[in-house]
Amino acid sequence: MKKILSIDGGGIRGIIPASILSEIELITGKPIAQIFDLIAGTSTGGMLSLGLNIPDESGSPRNSAVSMKELYETKGRQIFQKTLWRKLSSMSGYIDTEYGHKFLEGILDEYMGDHTFSASITKSLVTSYDLENREPFIFRSWEDRFQNITMKDAGRATSAAPTYFEPAVLDIGGNRHTLIDGGVFLNNPALSAYLEAVRIFPEEDEFLLISLGTGENTRPITFEEARSWGKIEWAVPIFDVIFDGLNDAIDYHLTQMLGSNYYRLQNKVALEGFGMTMEAETESQIDDIISDAAEVVRKNQELIEEICGRLL
């Protein structure tokens with residue numbers, strides 16, 4: 001049986017899947033990269049996928065799930081840090097990207113160094129979108145053209161969320177690619193991960209897929225609210241509707257395809273407004289997400305233990 005891990009996008013809410021993975025490592029006594037045969041991620045999930053696959057000098061995982069969780073908890077505010085000049089010059093993200101990318105790149109360099117995909121401990125899949133070629137762009141660690149691409153560059157590309165960070169520009173095989181966050185087309189990469197696994201493990205007839213979400217907004221949209229909305233009012237909630245619909249469709253199809261070999265851990269979050277919290281500019285915001293993550297682990301403790309049993 002081949003084991004697949006898929007991690008959704010969600011910015012600072014990556015604390016949630018990182019907490020679940022920390023619990024899995026605690027129960028199994030094994031690093032995530034040594035449990036799974038393929039790890040896929042989008043945006044913050046892509047950063048986790050890459051970070052967990054970085055080797056140390058001995059070839060063992062350099063970063064545990066706990067250390068990746070601590071990255072979000074202790075350095076999350078650095079990623080979403082902006083100077084007074086940035087606030088003024090971008091008009092809070094209306095006329096320029098809301099955040100500079102230097103803080104993000106510094107953290108990627110600290111946790112991933114100059115390791116290339118050729119060093120990835122297990123197979124890794126990371127999503128992005130190519131603006132110039134107008135097509136999805138997926139980093140696959142097992143493909144020759146990505147062997148010399150650094151994982152920190154892939155992390156920068158998959159996390160370049162529009163309006164938050166400027167696109168990443170990479171030269172791959174002599175071709176220029178202007179890349180943004182893969183969440184614009186595939187925030188939940190679970191189905192793509194499964195189909196890739198079927199392709200790269202042709203002799204395998206059984207797959208176990210663990211899919212981790214970063215939270216789903218439960219705020220209803222009533223007829224009374226939506227009936228008179230125009231382009232401005234729909235601008236934010238339409239993305240919630242699209243992402244929720246796509247995630248539910250992927251969940252349904254994988255349930256039908258894999259049955260009991262498919263697990264989806266996704267928590268419901270009741271928010272006042274529309275849109276999931278992507279950034280954290282205050283310690284209290286991070287503390288709230290840490291509390292959410294702890295609650296997800298507590299509520300799903302039996303299911304996580306069942307998953308660990310299957311993984312072992």
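Here the shortest heavy-atom pairing between Leu38 and Ala193 reads CD2-O, 3.4 Å. Closest approach of Phe139 and Ser128 over heavy atoms only: CE1-CB, 4.1 Å. Residues Ile54 and Ile121 approach most closely at O-CD1, 3.8 Å, considering heavy atoms. Minimum heavy-atom separation, Ser211 to Arg264: OG-NH1, 2.7 Å. Minimum heavy-atom separation, Ser49 to Ile7: N-CD1, 4.4 Å. Across every non-hydrogen atom of Leu108 and Gly155, the tightest pair is CD1-C, 3.9 Å.
From Asp171, atom CG reaches atom CD1 of Ile149 across 8.0 Å, with rounding to the nearest 0.5 Å. In this structure, Asn133 CG and Asn175 CG are separated by 7.5 Å, a value rounded to the nearest 0.5 Å. The OG1 atom of Thr214 lies 8.0 Å from the CG atom of Asn267; values are rounded to the nearest 0.5 Å. Distance check, rounded to the nearest 0.5 Å: CD1 of Ile24 to CD1 of Ile32 gives 5.0 Å. Note that the OG atom of Ser19 and the CG atom of Asn300 stand 12.0 Å from one another [nearest 0.5 Å]. In this structure, CD1 on Ile304 lies 9.5 Å from CG on Leu21, to the nearest 0.5 angstrom.
Contact check for Pro167 versus Leu179: no side-chain heavy atoms found under the 4.5 Å cut-off. Using a 4.5 Å cut-off on side-chain heavy atoms (C-beta onward), Leu212 and Ser6 make no contact. You'll find the side chain of Leu125 stays beyond 4.5 Å of the side chain of Ile39, heavy atoms only. When side chains are defined from C-beta on, Thr158 counts as touching Thr127, because their heavy atoms get closer than 4.5 Å. Inter-residue side-chain proximity for Leu265 and Ile20 is flagged as met; some heavy-atom pair is nearer than 4.5 Å. Looking only at side-chain heavy atoms (C-beta outward), Asn53 and Pro61 stay at 4.5 Å or farther from each other.
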Leu311 and Phe36: side-chain contact (heavy atoms from CB on, under 4.5 Å), yes or no, with the steps?
CA-CA 8 Å; Leu311 291 171; Phe36 291 92; 3.7 Å; yes
Show the numbers, then the answer: is there a side-chain contact (heavy atoms from CB on, under 4.5 Å) between Glu23 and Ile27?
CA-CA 6 Å; Glu23 188 69 10; Ile27 295 172; 4.0 Å; yes
Take Tyr111 and Lys152 through the side-chain contact (heavy atoms from CB on, under 4.5 Å) test and state the conclusion after the steps.
CA-CA 8 Å; Tyr111 279 77; Lys152 68 181 178 184; over 6 Å; no
Apply side-chain contact (heavy atoms from CB on, under 4.5 Å) to Ile210 and Ile307, showing your working.
CA-CA 8 Å; Ile210 313 301; Ile307 289 170; 3.7 Å; yes
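No donor-acceptor pair closer than 3.5 Å links the side chain of Asn63 to the backbone N or O of Met68. At least one donor-acceptor pair closer than 3.5 Å links the side chain of Gln266 to the backbone N or O of Gly215. Remark: the backbone N or O of Ala18 is paired with a side-chain donor or acceptor of Ser22 at under 3.5 angstrom. Glu25 places a side-chain N or O within 3.5 Å of a backbone atom of Ala65 that can act as its donor or acceptor partner.
Less than 6.0 angstrom separates the ring centroid of Phe207 from the ring centroid of Tyr194.
Linking Ile, Leu, Val, Met, Phe, Trp and Tyr whenever their side-chain heavy atoms come within less than 4.5 Å puts Met47 and Phe165 in one cluster. Leu5 and Leu254 sit in two unconnected hydrophobic clusters of ILVMFWY residues. Membership requires side-chain heavy atoms under 4.5 Å apart, directly or through other members. Under the 4.5 Å side-chain heavy-atom criterion for grouping Ile, Leu, Val, Met, Phe, Trp and Tyr, Val296 is connected to Ile12 within one hydrophobic cluster. Transitive grouping of hydrophobic side chains (ILVMFWY, heavy atoms separated by less than 4.5 Å) keeps Val169 and Ile138 in distinct clusters. Put simply, Leu246 and Leu209 are part of two different groups of oily side chains (I, L, V, M, F, W, Y) that touch within less than 4.5 Å, one to the next.
For the 3.5 Å distance criterion, the side chains of Tyr263 and Glu306 qualify, holding a donor opposite an acceptor. Checking Thr116 against Thr150 by side-chain atom types alone, no donor-acceptor pair falls below 3.5 Å. With 3.5 Å as the limit, one finds a donor-acceptor pair spanning the side chains of Ser43 and Asp181.
Using a cut-off of 4.0 Å between Lys/Arg side-chain N and Asp/Glu carboxylate O, Arg140 and Glu196 are scored as salt-bridged. Using a cut-off of 4.0 Å between Lys/Arg side-chain N and Asp/Glu carboxylate O, Arg13 and Asp8 are scored as not salt-bridged. Checked for salt-bridge contact, Arg156 and Glu105 meet the test: a charged N lies under 4.0 Å from a carboxylate O. Taking 4.0 Å as the cut-off between side-chain N and carboxylate O, Arg176 and Glu132 count as a salt-bridged pair. With respect to Lys75 and Glu70, no salt bridge is recorded, no charged nitrogen being found less than 4.0 Å from a carboxylate O.
Ring planes of Phe137 and His177: tilted class, angle from 30 to 60°.
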